[in-house]
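Beneath this line is the structure, given in C-alpha cells, with notes to follow.
Since the model is a prediction, treat every value here as computed from it, not as a measurement. Proteins get letters first, then strands, A, B, ... in listed order; numbering begins at 1 in each.
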Number of protein chains: 2
Amino acid sequence: MPKHRPLSEDALQLVAARFAVLAEPMRLRLIQALFDGEKNVTELVGVTEGTQANVSRHLQTLTAAHILARRKEGLQVFYRISDPTIPKLCELVCGSLEKSLTRQIGHLAPE
Amino acid sequence: MPKHRPLSEDALQLVAARFAVLAEPMRLRLIQALFDGEKNVTELVGVTEGTQANVSRHLQTLTAAHILARRKEGLQVFYRISDPTIPKLCELVCGSLEKSLTRQIGHLAPE
DNA sequence: CAAGTATATGCATCTCTGCGCATATAAAGT
DNA sequence: ACTTTATATGCGCAGAGATGCATATACTTG
C-alpha cells in the first residue's frame with residue numbers, strides 16, 4: 001500500500017484533473033444540491049438556475065469523473081453523489097477558507 | 001458556527017478558485033516537493049524540471065492562495081506549505097482515485 | 001559602483017473550457 | 001404514427017490560464 005511516496009507524473013495528472021472537475025462554481029452548486037439526496041435534471045436546473053444544456057453537460061462531467069452516478073427512470077434521469085469522499089473534501093476546503101478569511105478580517109480591523 | 005448550511009454564491013466561487021489552484025500538475029509537483037520541508041526557488045526548479053519563470057509564477061499563485069508561505073533570506077526565497085489541510089486534501093483525493101482505478105482494473109480483468 | 005546571482009514580471013501565443021443557441025435522441029401518452 | 005416532455009449533444013465564440021522568451025528587480029560581492 002503506497003502511502004506517502006512521491007506520485008508519478010501520470011498520477012499527478014489524474015489528481016489535477018479531479019481538482020479541475022471541482023473547480024467550477026456551477027458544478028459545486030450541483031454537488032451541493034445533491035447533498036440531501038438524488039434529484040433529476042429538471043429539479044437541478046431549477047435549483048441552480050442554469051440552462052438545461054449547461055446543467056446536463058456539467059452532470060456529464062461529474063459523472064465521467066465518478067463523482068456522481070446516474071439512474072434512469074422513464075423519461076427522467078436521477079443523479080446522486082457516488083463518491084463518499086466529496087463531502088469531506090468540501091468540508092476541508094471550507095474550513096481552510098474560513099480560517100483564511102477570519103485572518104483577513106483581523107487584518108482589516110487590527111485594533 | 002456554520003456547519004452544513006448551503007454556501008452562498010460568493011463562497012462557492014472561493015471554493016472553486018481554491019480547487020482551481022490545485023488543478024495544475026506543475027503546482028501539485030511543487031506542493032509535493034515541499035512536503036518534506038521548505039526549499040528555495042532554484043531547488044524547486046531542479047526538482048520539477050520546469051523553467052525558472054514558470055516555477056516562479058506558480059509559486060506566486062500558490063502563495064496568493066495562502067497555500068504556501070515565503071521567507072526571504074538574502075538572495076534566495078524559501079517557500080513552504082502554510083496550509084495544514086493540504087496534505088489531508090491530497091490524501092483524500094489520492095485515496096478516492098486509487099479506489100476508482102482499482103475498480104477499473106477489476107473491470108478489465110473480471111475473472 | 002559594476003558585475004553577478006536569484007527571483008519576479010511583461011508580453012505574445014496557444015490551448016482549454018464554459019456558455020448560449022439550436023437541434024438531436026429517448027421515452028411516454030394520445 | 002404524431003406530439004409532448006425530459007435529457008443530451010454539435011457548433012461557434014469568448015474568456016481564462018499556462019508556457020516560453022526576454023527583461024526587470026533585488027540583493028550580494030568585489
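- Of the two residues contacting DNA chain C, namely A:Gly74 and A:Asn54, the nearest-nucleotide position lying further toward the 5' end is that of A:Asn54.
- Using a 4.0 Å heavy-atom cutoff across all strands shown, A:Ser56 reaches at least one base atom of the nucleic acid.
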query = Would A:Leu30 and A:Lys39 satisfy side chain to side chain contact (heavy atoms under 4.5 Å, CB included), going step by step from the backbone distance to the final call?
reply = CA-CA 10 Å; A:Leu30 289 169; A:Lys39 288 187 177 59; over 6 Å; no

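- Between A:Arg27 and C:dG18, a side-chain N or O to OP1/OP2 separation shorter than 4.0 Å is present.
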ask   = Can you list the steps and then say if A:Gln32 with B:Leu12 is a side chain to side chain contact (heavy atoms under 4.5 Å, CB included)?
value = CA-CA 10 Å; A:Gln32 193 175 229; B:Leu12 281 179; 4.1 Å; yes

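- Considering only side-chain atoms of B:Val77, the nucleotide from C:dC11, D:dA8, C:dA8 that sits closest is C:dA8.
- Proximity of B:Tyr79 to the phosphate of C:dA8: a side-chain N or O atom is located under 4.0 Å from OP1 or OP2.
- Using a 4.0 Å heavy-atom cutoff across all strands shown, B:Ala20 reaches no nucleic acid atom at all.
- At distances below 3.5 Å, at least one donor-acceptor pair connects side-chain atoms of B:Arg27 with backbone N or O atoms of B:Val21.
- Atom CG in B:Leu22 sits about 14 Å away from atom P in D:dG17, given to the nearest Å.
- Between the C1' atom of D:dA18 and the CG atom of B:Leu30 lies a distance of 13 Å, rounded to the nearest Å.
- Listed nucleotides: C:dA8, C:dC19, D:dA8. Nearest to the side chain of B:Gln60: C:dA8.
- The distance from atom CD of A:Glu24 to atom P of D:dA16 is 12 Å, rounded to the nearest whole Å.
- Note that OG of B:Ser8 and CG of B:Leu14 are 8.0 Å apart. Values are rounded to the nearest 0.5 Å.
- Of the candidate nucleotides D:dT7, D:dG20, D:dT9, D:dT7 has the atom lying nearest to any side-chain atom of A:Val41.
- Minimum atom distance to the side chain of B:Asn40 is reached by C:dT7, of the listed C:dG18, D:dA8, C:dT7.
- Summarising the local packing, CD of A:Glu9 is surrounded by more than 12 heavy atoms from other residues, nucleotides or ligands at distances under 6.0 Å.
- Atom pair B:Arg57:CZ and D:dA18:P shows a separation of 11 Å (rounding to whole Å applied).
- At the heavy-atom level, B:Phe78 lies nowhere under 4.0 Å from the strands shown.
- On a pure distance criterion of 3.5 Å, a polar donor-acceptor pair joins the side chain of B:Gln52 and the base of C:dA8.
- Whole-Å rounding puts the B:Arg29 CZ to D:dA18 C1' distance at 12 Å.
- Look at B:His58 and you won't find any side-chain N or O under 4.0 angstrom from OP1 or OP2 of D:dG17.
- Nucleic acid contact class of B:Thr42 (heavy atoms, under 4.0 Å, all strands): sugar-phosphate only.
- Each of B:Leu59 and A:Glu73 lies near DNA chain C, and the nucleotide nearest B:Leu59 is the one positioned closer to the 5' end.
- Regarding A:Glu49, its CD atom lies at a distance of 13 Å from the P atom of C:dG20, rounded to whole Å.
- Across the protein-nucleic acid pair, A:Gln76 atom CD and C:dT25 atom P stand 22 Å apart, rounded to whole Å.
- Comparing D:dT9, D:dC27, D:dA8 against the side chain of B:Lys72 picks out D:dC27 as the nearest.
- Rounded to whole Å, atom C1' of C:dA8 lies 15 Å from atom CG of B:Leu44.
- A side-chain donor-acceptor contact under 3.5 Å links B:Thr63 to the backbone of B:Leu59.
- Between A:Leu75 and A:Arg70, the one whose closest nucleotide on DNA chain D sits nearer the 5' end is A:Leu75.
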